[in-house]
Amino acid sequence: QVELVESGGGSVQAGESLSLSCTTSYTYDIACMGWFRQIPGKEREGVAAMGRDGTTAYSDSVKGRFTVSRDNAKKILSLQMNALKAEDTAMYYCAAVLHTRVCTVVPAQYRGAEGYWGQGIQVTVSS
């Protein structure tokens, strides 16, 4: 079992920055870790992901504004969010998939037998 715990959410004004962190106590390697978000009534969407080898993937909506990083030794996945917009308001989830060849921001990749999700953390951006 892989437990993922998000932290760092909150409320900010448009244009400001916020950083999210995801920690896990899982001791073995994790192929991909990513950030996803969801607002009520909509499908969960991918935000950013990072492979163990440092490869990254971003959704078009956050490219150039968000940066994903990962500390494999400390088992921490981070998301630096700059130039936040009201439309970034959502519940943000950390997810992991243990074994895969290519990391993507497609939620389905993280929903298999080796996929795990955190409980989520709220990010609210006021315009």
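Not measured: the values here are computed from a predicted model.
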Item checked: Separation of Leu79 CG from Ser19 OG (nearest 0.5 Å) -> 7.0 Å

Checklist line | Test of ring centre spacing under 6.0 Å for Trp117 and Phe36 | finding: yes

Notebook entry, point to check: Are the side chain of Tyr93 and the backbone N or O of Gly34 linked by a donor-acceptor pair below 3.5 Å?
Noted result: no

Check: Roughly how far, to the nearest 0.5 Å, is the CD atom of Gln38 from the CD atom of Glu45?
Finding: 9.5 Å

Check: Do Gln109 and Thr100 get their side chains close enough for a donor-acceptor pair, meaning under 3.5 Å?
Finding: yes

Check: Would Ile121 end up clustered with Tyr116 when hydrophobic side chains under 4.5 Å apart are linked, directly or stepwise?
Finding: yes

Checklist line | Interatomic distance, Leu84 atom CG to Ser17 atom OG [nearest 0.5 angstrom] | finding: 6.5 Å

Next item on the list: Heavy atoms only: give me the nearest Gly51-Cys103 pair and the separation to one decimal.
Entry: CA-SG, 3.3 Å

Checklist line | Note, Ile39 side chain near Arg44 side chain (heavy atom, < 4.5 Å) | finding: no

Next item on the list: Could you tell me whether the side chain of Thr89 and the main chain of Val125 form a donor-acceptor pair under 3.5 Å?
Entry: yes

Margin query: Taking CD in Glu43 as the centre, count heavy atoms belonging to other residues, nucleotides or ligands within less than 6.0 Å. Is the count above 12?
Written below: no

Notebook entry, point to check: Quick check: does any side chain N or O of Arg37 sit under 3.5 Å from a backbone N or O of Ala90, one acting as donor and the other as acceptor?
Noted result: no

Notebook entry, point to check: So if you build clusters from Ile, Leu, Val, Met, Phe, Trp, Tyr with side-chain heavy-atom gaps below 4.5 Å, do Tyr92 and Met33 land together?
Noted result: yes

Notebook entry, point to check: Does the salt bridge (charged side-chain N to carboxylate O under 4.0 Å, His left out) test come out yes or no for Asp60 and Lys63, once each step is laid out?
Noted result: CA-CA 5 Å; Asp60 289 342; Lys63 277 181 184 176; 3.3 Å; yes

Item checked: Rounded distance [0.5 Å steps], CZ in Arg101 versus SG in Cys32 -> 12.5 Å

Check: Are the side chain of Gln122 and the backbone of Gly9 linked by a donor-acceptor contact shorter than 3.5 Å?
Finding: no

Margin query: Checking the side chain of Glu6 only, and the main-chain atoms of Gly120 only, is there a donor and an acceptor separated by less than 3.5 Å?
Written below: yes

Checklist line | Atom pair CE (Met81) and OG1 (Thr67), whose distance is rounded to the nearest 0.5 Å | finding: 11.0 Å

Notebook entry, point to check: Can you check whether Ser127's main-chain N or O pairs, donor with acceptor, with Lys85's side chain at less than 3.5 Å?
Noted result: no

Check: Out of curiosity, does Leu20 fall in the hydrophobic cluster containing Val62 (side-chain heavy atoms, cut-off under 4.5 Å, transitive links)?
Finding: yes

Note to self: Using every non-hydrogen atom in the two residues, find where Ile30 and Ala96 come nearest and quote the distance to one decimal.
What the structure shows: CG2-CB, 3.8 Å

Item checked: Heavy-atom neighbours of Glu16 CD exceed 12 at 6.0 Å -> yes

Note to self: If I take atom CZ from residue Phe66 and atom OG from residue Ser59, how far apart are they, to the nearest 0.5 angstrom?
What the structure shows: 8.0 Å

Check: Which atom pair, heavy atoms only, marks the closest approach of Gly46 to Pro107?
Finding: N-CG, 4.3 Å

Note to self: In this structure, would Trp35 and Tyr26 fall into the same cluster of hydrophobic residues linked by side-chain contacts under 4.5 Å?
What the structure shows: yes

Checklist line | Donor-acceptor contact below 3.5 Å, side chain Tyr58 vs main chain Val68 | finding: yes

Notebook entry, point to check: So Asp29 and Lys75, side-chain contact (heavy atoms from CB on, under 4.5 Å) or not? Walk me through it.
Noted result: CA-CA 9 Å; Asp29 286 342; Lys75 307 293 185 183; 4.1 Å; yes

Check: Is Val2 reachable from Ile76 through a run of I, L, V, M, F, W or Y residues, each pair having side-chain heavy atoms under 4.5 Å apart?
Finding: no

